Amino acid sequence: MLEIPESATLARQIIETLSGKKISKVENANSPHKFAFYNGDPLDYPRLLTGKTVVSAKGHGMFVDILFDENTNLTIGDGTNIRYYTSWDELPPKHQLLLEFEDGSRIVFTVAMYGAIFAYQGVLDNSYHRGSLNSISPLEERFDEAYFSQLLKNQKKILSAKALLATEQRIPGLGNGVLQDILFQARIHPKRKMSTFSDFEKNELFHSLKMTLRSMTEKGGRDTEKDLYGKPGGYKSLLSKNTLDKPCPHCGDTLVKEAYLGGAVYFCPTCQKM
C-alpha cells in the first residue's frame, strides 16, 4: 500500500522521469471500477490534463501529487498504482486512467481494491489530503523527540501501539505496513497499551520510527511494494506476509500473525512480549 516510503519514492521518480514532459493524450478507464474514486467527473479529465506539462511532484503521507503547469495537479491516494511505460513497452490490459506524453511514453493508473485519482486545478478539497500536506513527516528534522512526546501526551493511554501509530492518521502515511518493522525494532507488541510504555520504550519507539522510515525511504520503499517502474523496493521487510512462520532475525523464535484492528499484525512473541 502507499505509505510514507513509497509516496516519497514515487515523487522522486516522477520528478526524475517525467519533468518537462507534455501530455498529448488522456484515456479514461477502459475497465470501470466501482471503488475507483475521482475528483468531479473523470470524463472531464482529458480537457483538464491534455497539453499540460509536468513541473514537479510531491509525496506526502499516503498521497502523491503530480504538479503540472497552469495550476493543474493530479493526486493519487492509497490503493492506486502508477506505472511508467516507454513507447515500446506493452501496456496492462486494464486501467483506470492513462496519460500519454508527446514522446510516446505513458503513465498508467490502476486500482486493485480501492483507490483515488484526483485531477484538479488549484487546491484539492479533501480533508485527508489537506491534513497530510499540513502535517510534519517523520522524515523531517522537525519531527523530533519533543514533537513525538507531545503527540503521545495528547492521546488516550488505553490506545494500543498499533492504534496509536496506524489509525486516525495521527501520523499521515504511517499505516499497517510500515508499522510492523517499527514496532519490531522497538521491541513493542502491537497490542500493548500506551499506559504500559516506560520512558525508555517511548524513546526506543521514537528512534525506531525515525530510523526505520528513513531506511525504507532511502532504499526506495519496501520489497512488498512496487515503484514507478514496477520494481520492488530495496528495503527488505523484517515482518510481513513474506516472513510469516520464519525465524525471528534476532532470537530465532517463529514469527507469527494475528488479526487485529481490521488488519493483520506480525510480531515475534519472544522479542515483543505483551
Side-chain angles (χ1 to χ4, degrees), residues 1-10 61-62 78-79 81 112-114 138-139 148 151-152 155 157-227 230-274:
M1 304 300 283
L2 192 60
E3 298 185 32
I4 291 170
E6 288 71 45
S7 65
T9 297
L10 285 169
M62 59 180 179
D78 187 25
N81 298 310
M113 295 178 63
Y114 62 88
L139 299 178
F148 186 65
L151 186 150
L152 295 183
Q155 309 306 322
K157 303 306 179 185
I158 60 171
L159 287 177
S160 66
K162 174 179 176 176
L164 169 69
L165 296 182
T167 65
E168 304 296 331
Q169 287 295 291
R170 294 178 179 87
I171 304 175
L174 197 165
N176 198 56
V178 300
L179 171 78
Q180 315 300 332
D181 280 18
I182 291 172
L183 294 181
F184 176 69
Q185 296 285 30
R187 304 293 193 272
I188 294 176
H189 194 288
K191 296 183 180 181
R192 272 194 55 196
K193 304 299 182 184
M194 279 183 58
S195 58
T196 69
F197 294 179
S198 66
D199 289 340
F200 174 80
E201 287 173 322
K202 292 175 184 177
N203 186 61
E204 288 294 292
L205 181 58
F206 166 75
H207 288 289
S208 175
L209 189 156
K210 293 281 288 187
M211 291 187 293
T212 302
L213 288 175
R214 183 182 298 117
S215 179
M216 289 175 171
T217 303
E218 290 176 348
K219 294 177 181 177
R222 295 165 286 156
D223 60 350
T224 55
E225 306 297 326
K226 294 184 179 179
D227 65 9
K231 297 179 180 179
Y235 175 88
K236 187 174 181 179
S237 299
L238 300 174
L239 272 68
S240 72
K241 61 183 179 181
N242 298 335
T243 64
L244 181 61
D245 297 328
K246 293 185 177 180
C248 169
H250 290 304
C251 73
D253 198 358
T254 303
L255 299 174
V256 299
K257 169 187 175 182
E258 290 184 4
Y260 182 56
L261 291 181
V265 290
Y266 301 85
F267 59 92
C268 171
T270 299
C271 294
Q272 297 166 271
K273 293 184 180 297
M274 279 291 289

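Just so you know, these numbers come straight off a predicted model, no measurement behind them.
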Hey, what do you get for [atom1] ([X]) to [atom2] ([Y]), rounding to the nearest 0.5 Å?
{"X": "Asp223", "Y": "Asn242", "atom1": "CG", "atom2": "CG", "result": "6.0 Å"}
{"X": "Met216", "Y": "Ile4", "atom1": "CE", "atom2": "CD1", "result": "10.0 Å"}
{"X": "Ile188", "Y": "Met194", "atom1": "CD1", "atom2": "CE", "result": "10.5 Å"}
{"X": "His207", "Y": "Gln185", "atom1": "NE2", "atom2": "CD", "result": "13.5 Å"}
{"X": "Asp245", "Y": "Leu255", "atom1": "CG", "atom2": "CG", "result": "8.5 Å"}
{"X": "Ile158", "Y": "Lys193", "atom1": "CD1", "atom2": "NZ", "result": "7.0 Å"}

Quick check: do [X] and [Y] have side-chain heavy atoms less than 4.5 Å from each other?
{"X": "Val178", "Y": "Leu165", "value": "no"}
{"X": "Thr270", "Y": "Cys248", "value": "no"}
{"X": "Arg187", "Y": "Glu204", "value": "no"}
{"X": "Leu261", "Y": "Ser160", "value": "yes"}
{"X": "Leu183", "Y": "Phe267", "value": "no"}

Derivation and outcome, side chain to side chain contact (heavy atoms under 4.5 Å, CB included), residues Gln272 and Leu239: CA-CA 12 Å; Gln272 297 166 271; Leu239 272 68; 4.0 Å; yes
Partner of Tyr235 under side-chain hydrogen bond (donor to acceptor under 3.5 Å, both in side chains), chosen from Asp181, Thr217, Thr9: Asp181
Aromatic ring pairing Phe148/Phe206, orientation class (parallel under 30°, perpendicular over 60°, tilted between): tilted
Verdict with supporting geometry, Glu225 and Glu3, side chain to side chain contact (heavy atoms under 4.5 Å, CB included): CA-CA 10 Å; Glu225 306 297 326; Glu3 298 185 32; over 6 Å; no
For [X], is the [atom1] atom crowded, meaning more than 12 foreign heavy atoms sit under 6.0 Å from it?
{"X": "Lys231", "atom1": "NZ", "result": "no"}
{"X": "Lys236", "atom1": "NZ", "result": "no"}
{"X": "Lys226", "atom1": "NZ", "result": "no"}

Can you name the closest pair of heavy atoms from [X] and [Y] and give their distance?
{"X": "Leu159", "Y": "Arg170", "value": "CD1-NH2, 3.6 Å"}
{"X": "Cys251", "Y": "Cys271", "value": "SG-SG, 3.7 Å"}
{"X": "Ala8", "Y": "Leu139", "value": "CB-CD1, 4.3 Å"}
{"X": "Arg222", "Y": "Ser237", "value": "CB-OG, 3.8 Å"}
{"X": "Lys191", "Y": "Glu258", "value": "NZ-OE1, 2.7 Å"}
{"X": "Ser208", "Y": "Ala186", "value": "OG-N, 3.7 Å"}

Partner set under side-chain hydrogen bond (donor to acceptor under 3.5 Å, both in side chains) for Asn176, not counting sequence neighbours: Lys162, Gln180
Pair Leu213-Ile182, side chain to side chain contact (heavy atoms under 4.5 Å, CB included): steps then yes or no: CA-CA 8 Å; Leu213 288 175; Ile182 291 172; 4.1 Å; yes
Under 3.5 Å: donor-acceptor pair, side chain of Ser198, backbone of Glu201: yes
Backbone N/O of Leu209 and side chain of Thr212: donor-acceptor pair under 3.5 Å: no
Worked check of side chain to side chain contact (heavy atoms under 4.5 Å, CB included) between Asp78 and Tyr114: CA-CA 8 Å; Asp78 187 25; Tyr114 62 88; 3.5 Å; yes
